[in-house]
Structure formats: C-alpha cells, structure tokens
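The structure under discussion appears below in the form of structure tokens.
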2 protein chains.
Amino acid sequence: MSEGYLKGRIRRDDIVSAAAAVYGEAGYHASSLREIAKRAGITHAGLLYHFPTKEALLAAVLERRDAEDAVREQLNIPPGLDVLRHFLALAEHNVRHRGIVDLYSRLAAEAISEDHPAHAYFARHYREARDSIAQSFRALAETGELRPGVDPDLAALTFIALMDGLQVQWLTTPTQVDVIGSLRLSLETLLTVPLFPE
Amino acid sequence: MSEGYLKGRIRRDDIVSAAAAVYGEAGYHASSLREIAKRAGITHAGLLYHFPTKEALLAAVLERRDAEDAVREQLNIPPGLDVLRHFLALAEHNVRHRGIVDLYSRLAAEAISEDHPAHAYFARHYREARDSIAQSFRALAETGELRPGVDPDLAALTFIALMDGLQVQWLTTPTQVDVIGSLRLSLETLLTVPLFPE
DNA sequence: CCTACCGATCGGTAGG
DNA sequence: CCTACCGATCGGTAGG
C-alpha cells in the first residue's frame, strides 16, 4: 500500500467526519458540500474528487456508522436482560455525545420520504433494531421475566420508538428531559424483575 | 368588512394550507416559496405580498395549528383517564391523516436547532403536552389508578416521547408499525386499571 | 397581485 | 486536488 493510498484514506475519513458533524447540525439537505469541504480543509471541488456526488458522501457516513455499530455488536450478547442493559448503556453514551444523536434524529426525519437517499437505510435500521429487541423480550417471556400478556414484538416497537422520541425532545429542551429515567421506567413496567437488582 | 378583505383572508388561508402540505412533504427548509405559491395558484412574489418572509409564513402555519388544537381542547376534559383516552383518539385521527403527522415530525426534527424559527414553538409545545399529561397521571396516582412508584412527570415524558417516536417510525415503514397498539400497551403497563373496561 | 430582476448559493463539471 | 465555470434555484425587492 503506497503512501498515496494511505493519505487518501485518511483524507476520506476526515471528510466523512466533517460531513457527519455538518449533517448533525443542519440535516442532510440543508448541508452544503462547500461547508463540509471547508471543515475538512479542501475546496468543494476537491471533496467531489473523493466522493463523486452529495449522495455518495451520505452513503459513506451511514456506512461508517454501521461499521461502528457492528464493532459494538461484535460482543454478541445473548438475548435477554443484558441486551436491554446494553441499549440503556448506549442511550447513556448518546446523552454524552450530542453530535451522534443530532445526526441520527435529523436524518431519520428527513428519510421519511421514500425518495430520500437514506430511506432504505432507516427502514432496515428500524427493522433490525426491533428484531433484536423482540428476540430478547421473547427470551424473557419464556422465563417469566416479561409481564404476562405483553406481546414481545409490540414491546420491542415501543422501546425503539421511545428511544427515538426521547432523543428529539432531549435535543430540543435538554434540561427538561430525563432520557435514562424514562427508558428505565418503561423497561421496569414491562418486566417482572428489576433491571439492576441490588 | 369589504369583499376585498374577505378575499384576502380566503387567499391567505389557501396559502397556509398549501404551505402546510409542502412542509409535510419536504420539511420547512427544503420547501420553496415558488412551490407553495404554485399550489395556491399565484406567483412566489404574490405570496410575498401576503406573507413578507418565508418565516412569517411558517409562523402562520403554526398559529393555525395552535388554533385548531385550542378548539379541540375547548372541550376542557378534567384530568384523568379521559385525557389519556383523548390522546389515544388523537393518535387514531393522526394515523388516518398522514399529512398532519408528516408536517409535525419533520418540523420537530428541524426545530432541534436553537436558531430554527420554530424552535420556541416546539419547546413550548413539548412543555405544555408534558404538563397536561402529568396532571392526569397525578390525578390517577391519587385514586390509586397509577402503578405505585411511578413518577407522574416521568410517565408523562415517556408517553409524549413514545407518540413522537412512533410517528416517525410509522411514516418510514407504515405497514410495520402498530401505533395504537404500542400506545395502549404503554398506558396499560403504567396503570392499574384497564383503559377500556368491558 | 404580476413581471422582471437581484445577489447568493447550490451540486456538479472541465481541464489541468 | 485546485481554479474557474455552468445552469438551476433560492428568498426577497422594485415598480407598477
């Protein structure tokens, strides 16, 4: 691998980081290649040398997010309480890294449109998140740790939707929203056992 | 009141309706005055005769939404189960009127920014919604209809955030999201009494 | 309310 | 990677 290739990869990483930051602040559509390029220290035409279109850059941002998530899920936690605790820890991490939440919340709302370049990404993301959580609720149902009569799929949808809704409200009025408290309340009312036994 | 004034009010209403529709499809920033004007049957310069800036038009859209909400809340339901049932009915209404949900979800995400013209509107909207629901949960706590140990304020935050999160996920993948089922599940796990006794 | 226009900004391309 | 440019589109204004 030549130095040129390495430099190119580093530069591409810088651009993707700058893009993620700008998307988080302004959303995808309102972001300009010129602003992203400026933060990466090049011209917007230079940026287009690395990423041929605005959409290709968005794809790269989402791909990196997926790669990071994959690393985190490499842990391969077995379905059950630990998965729920893991998502709670993720929420705690997010509250300390506003940029990630910003990017995600804005893109998710833009991607409602079927013709948005990130629409398929979010449709898949939601389905995978619901499936993952539902699997854990099903495991908990078998051991009697899920409240009787609660549908695991509906519980999974509820948990994911709650996380998303809390994020937007927290970003808008940070001091008035207790993200972790709400998630713990929701999980504890769905379960028959405490999340964190003393 | 002269015919000219009446015609002006009707025209303004048409423009606000067109704006609400376009905001719902594209968000506020991505919407153009030319597209809104075209749907209202005038030129974009003609639109600016009625609303001096793009922001003034957004303000008019939000004001009309508030006015409609005020009419609905004129009912003045006393805090308690009926308020929760009322919000559930509102959610059922929304699922049948996608445009309203679209407008709300997109604007809410854009308005995360403190400098967005609708930021203050949403900050107030969230606070009022939380206060209204919290009041009902407090009333239910006094009569033992709220699950013991559940904080009414946290329950209110949870319910509002869940509604918002469900809407975005439903708009993105409509066939896979049971909005009403999730809300009923959430309320029923928070309460000690059934929402709809048989 | 319209025609006609302005300056600014956008994504993308040519050519090096 | 840059300079220089293109056509398109934007919100807003002048003048009627």
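Protein chains get the first letters and strands the later ones, always in sequence-line order, with residue 1 at the start of each.
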* Could you encode protein contacts along nucleotides 10-16 of chain C as a string, one character per nucleotide from 5' to 3', using B for base contact, S for sugar-phosphate-only contact and - for no contact, with a heavy-atom cut-off of under 4.0 Å? => BBBB---
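With sequence neighbours excluded, the residues satisfying side-chain contact (heavy atoms from CB on, under 4.5 Å) with R64(A) are V16(A), S17(A), E68(A).
Pairs engaging residues 115-133 of chain B under the salt bridge (Lys or Arg N to Asp or Glu O under 4.0 Å) rule: D66(B)-R124(B) [sequence neighbours left out]. Applying the side-chain hydrogen bond (donor to acceptor under 3.5 Å, both in side chains) test to pairs two or more places apart or on separate chains, those with a residue in residues 177-188 of chain B are T158(A)-S182(B).
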* Asked: Which is it for R106(B) and D102(B) under the salt bridge (charged side-chain N to carboxylate O under 4.0 Å, His left out) test, yes or no, and what are the steps along the way?
  -> CA-CA 6 Å; R106(B) 281 171 198 281; D102(B) 241 299; 3.0 Å; yes
* Applying side chain to side chain donor-acceptor pair (under 3.5 Å), run through T53(B) and E55(B) and close with a yes or a no. => CA-CA 5 Å; T53(B) 65; E55(B) 259 187 54; 5.9 Å; no
* To do: Would you check, one step at a time, whether the test salt bridge (charged side-chain N to carboxylate O under 4.0 Å, His left out) holds for D14(B) with R39(B)?
  => CA-CA 9 Å; D14(B) 289 346; R39(B) 296 208 198 181; over 6 Å; no
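Between F122(B) and Y104(B), the ring planes are tilted. Angles from 30° to 60° get that label.
When the side chains of ILVMFWY residues are joined at heavy-atom separations under 4.5 Å, either directly or via intervening members, L81(A) and L88(A) end up in a single hydrophobic cluster. Put simply, L195(A) and V193(A) are part of the same group of oily side chains (I, L, V, M, F, W, Y) that touch within less than 4.5 Å, one to the next.
For DNA chain D, the stems formed by at least three consecutive Watson-Crick or G-U pairs, with both atom-pair distances below 3.5 Å, span C:1-16 with D:1-16.
Counting only heavy atoms from C-beta outward, the side chains of V22(A) and E25(A) never approach each other to under 4.5 Å.
For DNA chain C, no neighbouring residue in residues 103-120 of chain B is found when judged by any heavy atom under 4.0 Å.
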